[in-house]
Amino acid sequence: MPTPVISPREADVLALLGEHLSNAEIAARLFISVRTVESHTSSLLRKLALPDRRALSRRAVELARAERPRPAPALPAPLTVFVGRERERAALAVLLADHRQVTAVGPGGVGKTRLAVAVAAGTADGFPDGVWFVDLAPVAGPDRVAAAVAAVLGVGEQPGQGLDEAVCAALAERRALLVLDNCEQVRDGVAPFLERLLTACPQVRVLATSRSRLLVPFERVFPVPPLSRDGGGTSEAVALFFERATAAAGAAPDPALRDGIAAVCERLDGMALAIELAAARWPTLGLDGLRAGLSDQLRILAGGPRADERHRSVRAVLDWSHDLLEPADRALLRRVSAFVLPFTAGAAVAVAGFAPLDPGAVADGLGRLAEQSLLTVVPSAHGTRYRAQETIRQYGAELLDGAGESARARGRHLDWCLSGADGLARAADEERQLREGDWQAGFDALAEELRTALAWAAERPERRPDARRLALGLAGLAFDRHLLGEAQQRLEQAAALATALADHSPTEDSPTDATDATDAADALREAARVAGCRRLGDDMYRLHRAAAAAALDAGDQAGAARDLATAATVAHRFSSTFARLPAAAEVTALLARARELSDGSAAASAALALAEAAVLADAYGSVQGSPDNTARETVGYAERAVDLARRAGDPVAESAALDALSGAHSWAGEPFAAAATARRRVELLALAPRTPATAHEQVDALAMAAATAIGVGELDRARQWGHRLAGHPLTAEVGHHATSWLLVADAFAGQEEDVLAGGARFLEAWEQGGRPRSFSLGPAAAAVAMVHGLRGDDGARASWLAVAGRAGTEEEHRHGYGAVFDATVLLHRGEAGAALERISPAPEEVWKWVSWVWLHWYAAVRVEASVLSGHPEARERLAGARATVAGNPVAVAQLDRAQALLDGEPARVRASAAVFASAGSRYQSARSLRLADAAGGG
């Protein structure tokens, strides 16, 4: 079939379709008419045999992707030349082309990593969305695999989902290659992660290296052989030796010695690491020295048991290389095995610089180890660092254990990590105050060391106090780094360590026992607050209950009462973030138990009052409370909670109570009171220190402030709150939640370009986040759909309405915000009858769906549709709506304009344009002029 010929102008139109621009936008961009754009679009649909405009947009994206520069592979830059392996490279590349997951398997030192990197680089052109290398050797445990991959991909956490889900969402539609190195370190974590990834991401391929197969679906194993010794002096093994010996000596060995070198390589079984270590000794030992040393070493080891004969040669040459070192350098090699990441000379002094090793000799020793290829020099922006290849590091760790120095070296490593964590915490605090700097790079360079030290200390009872301290420090750093999942994990770990300390206290009722139990309760409360930032209601509920149990163990009944009351509140306040809501009877029982335990203190009383407002009065509108409550009673419950929280002097508790009061005002039909209360929350939290609790409240408060401001027509203020929410650090990775209310405010304000630009960020983040549902996401998508409808782009509007259907709920769209937005589009098109049909129920008939944000907009649009369609009750509806929307500048202006239309006074219609403009509604201002023209106003 011949390739269709697309004209240059059609190509321009197609490219802009890929940017999801409307016909009007394309026409403006290309300086052609809308009709011409429509003609080109029809031609493209025919030539490319595509069914609709959406398919055209997809094709445009595919073409742009094919033409744009491919991303550079994110692969490590080898410091030495890759030698040989032509057959293996070709075979592995073919296998990777035919299978979605290939594991290069072989013993340590055979050259798996270098082969995988070479193959990944050679096949990068086949992966237009990127090639990514993840070294799993430093990863502290199986549960950190997804985090390691996410860090390399630059994927952040998403509310309500784990990092593995975030990675899968980010790669779901990408054609990419993931190289996972050293999988044997965390095979129990790699296997389930790969199974989820390959199932969710059909175009992703994985090349793994491991000492053993991973035993996952899709896997194809590629055994990596030693370097070929075929050809004797001209073999691959000899070529590698010559290359590395030349680099070490500055001159190549005499070619006449090739056969002798071939014999050495044969003795080393062609193992790449063994050959490189032997070649590093060439300048000082020459061929005779190598022969003698290796012959003795191999003979000594010949009778020893080895699980893998090939691995024996690597171990032999490591033992030989080690024996050639001076005692001080041997000590240094084994002690620096405590590091899992590249380390500085200063760090090595702190960890390894104890007798018999002179701290002042450490730097020179590192240089000598690097000269013998036992360490690699790693240049960095912060100075020279050193790193041992993983096989050598494991060898050093064995020597460390054998020398009886493991506890001391790893203890010093732990102390170094504790000091480093404290320094990072100070740097983070200083940068928050100065609002500048970048401490995150320091955290990224140290984080795996902290995790490794924590894992070691947590298993040793005598170091558990330090482990708990490090867990708490790591939790705070992870939170500041927006690694919320890890922050929660470390806080729970700190609580478990504190509990273990309490269980092993000298006496059952000792002060240490109570203190440790109190520490456990504090850590669990903080973990619950982090879970709130992650929108994980189930975890918040579980952790507050666990904190209550720990508080009781500590003899703190008042603290337990607060935690149980808070758990009951969470079940109502954050009900939409639960995977499984607890039964109403269970929550009521928690509240009753909290009352029993309360000591009447200010803090406990405030927590109980808030729980009563949530559980008994349904102040948060979770529709779980008694249907017999009146709105005024609900307001009373919430006002009492606010008063008690203020007396307790707790801004977080007061913010939560104000949230209840705002919700109560909304249910009571008092949107202005709801908006004012929401503003109080923002002001209250403005100066609060940044903790998980305050951060969670700030994000929620900004969202509520923006939403309630929209509800009363304060569009400029709503946009201000919306911009602050979009820029909050906690929403940096969640653009859909960050921009949702800003999109709605911009849409009502007529900021069309801002809506289109913000819609792109929203859509990308929403899809990356797994396409969640939320009370704010549906309205945001529907607002973008409205703007496209006002611009005449039905294709884009349909696409966004589909998003709204998945991001919100059907009932809310049908009866609430959807009715407002759809009717607005229909009125814009002059279809007043259809608009009235879409929004026909009286507000009191759909009260549940409009009482919060949409009531004034619903009432005003319904009146306008009634007037323009000539409904016989238009005047009556207009008069009735005035009391409802009184005080809302945009809705009042819309009613005044409807009154002018009804009275046949186009001059008043035109005058309303200035009123709308002053209220921040550009769209309604322009509409007034159009309506005035249509009515014959001069």
Side-chain angles (χ1 to χ4, degrees), residues 75-96 102-123 179 181 207 209-211 221-249 251-283 285-287 290-291 294-295 298 308-318 320-321 372-373 376 389-392:
L75 298 172
L79 299 177
T80 54
V81 176
F82 185 78
V83 177
R85 298 284 198 189
E86 295 300 328
R87 285 173 297 181
E88 290 89 342
R89 290 174 67 177
L92 185 53
V94 169
L95 205 59
L96 188 60
V102 179
T103 305
V105 172
V110 78
K112 301 183 296 294
T113 299
R114 290 298 300 270
L115 177 61
V117 169
V119 170
T123 59
V179 182
D181 194 33
L207 175 57
T209 74
S210 177
R211 297 188 184 186
V221 174
F222 180 84
V224 178
L227 284 165
S228 172
R229 281 92 71 206
D230 295 343
T234 61
S235 67
E236 288 184 344
V238 172
L240 177 63
F241 187 100
F242 261 74
E243 169 64 33
R244 301 301 187 255
T246 301
D254 186 343
L257 300 177
R258 280 185 174 274
D259 289 343
I261 291 173
V264 170
C265 292
E266 188 64 43
R267 285 176 178 267
L268 297 177
D269 294 325
M271 299 294 283
L273 176 59
I275 291 171
E276 291 185 343
L277 290 172
R281 291 289 182 175
W282 178 263
L285 297 179
L287 182 57
L290 289 176
R291 280 174 172 166
L294 289 174
S295 294
L298 289 172
D308 189 317
E309 288 298 316
R310 289 175 178 169
H311 194 167
R312 185 179 69 178
S313 61
V314 173
R315 179 56 183 259
V317 81
L318 284 171
W320 170 69
S321 296
Q372 304 306 323
S373 295
T376 300
Q389 196 254 28
E390 182 59 20
T391 299
I392 297 175

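Values below: every heavy atom of this structure, side chains too, minus hydrogens, waters and symmetry copies.
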What donor-acceptor contacts under 3.5 angstrom involve side-chain atoms of residues 252-263, with partners at least two apart or in another chain?
{"from": "Asp254", "atom 1": "OD1", "to": "Ala256", "atom 2": "N", "distance (Å)": "2.9"}
{"from": "Arg258", "atom 1": "NH1", "to": "Gly233", "atom 2": "O", "distance (Å)": "2.7"}

Tell me the side-chain hydrogen bond (donor to acceptor under 3.5 Å, both in side chains) pairs involving residues 239-249, sequence neighbours left out? Thr80-Arg244, Arg244-Glu276

Who are the side chain to side chain contact (heavy atoms under 4.5 Å, CB included) partners of Gln389, not counting sequence neighbours? Leu273, Thr391, Ile392

Arg291 versus Val264, closest heavy-atom pair with distance: CG-CG2, 4.3 Å

List the atom of Pro107, the atom of Met271, and the distance in Å for their closest heavy-atom pair. CG-CE, 3.7 Å

What residues, two or more places apart in sequence or in another chain, satisfy side chain to side chain donor-acceptor pair (under 3.5 Å) together with Thr103? Gln101, Glu219

Looking only at heavy atoms, what is the nearest atom pair of Ala237 and Cys265, with distance? O-SG, 3.7 Å

Which pair of non-hydrogen atoms, one from Leu277 and one from Gln372, has the smallest distance, and what is that distance? CD2-O, 3.8 Å

Main-chain N/O of Gly106 paired to Lys112 side chain as donor or acceptor, under 3.5 Å: yes

Can you name the ring-ring contact (aromatic ring centres under 6.0 Å, His included) partners of Phe241, sequence neighbours left out? Trp282

Taking side chain to side chain donor-acceptor pair (under 3.5 Å) as the test, write out the residues that go with Thr123, two or more places apart. none

Taking side chain to side chain contact (heavy atoms under 4.5 Å, CB included) as the definition, give me every residue that meets it alongside Ala116, ordered by chain and number, with sequence neighbours left out. Val179, Leu207, Thr209

Looking only at heavy atoms, which two atoms of Ala278 and Leu290 are closest? And how far apart? O-CD2, 3.6 Å

List the atom pairs, with distances to 0.1 Å, where a side-chain N or O of residues 82-94 and a protein N or O form a donor-acceptor pair under 3.5 Å, not counting sequence neighbours.
{"from": "Arg85", "atom 1": "NH1", "to": "Pro225", "atom 2": "O", "distance (Å)": "2.6"}
{"from": "Arg85", "atom 1": "NH2", "to": "Val110", "atom 2": "O", "distance (Å)": "2.6"}
{"from": "Arg85", "atom 1": "NH2", "to": "Pro225", "atom 2": "O", "distance (Å)": "3.2"}

Looking only at heavy atoms, which two atoms of Leu268 and Ala274 are closest? And how far apart? CD1-O, 3.7 Å

Who pairs with Pro283 by side chain to side chain contact (heavy atoms under 4.5 Å, CB included), at least two apart in sequence or on another chain? Ala248, Ala249

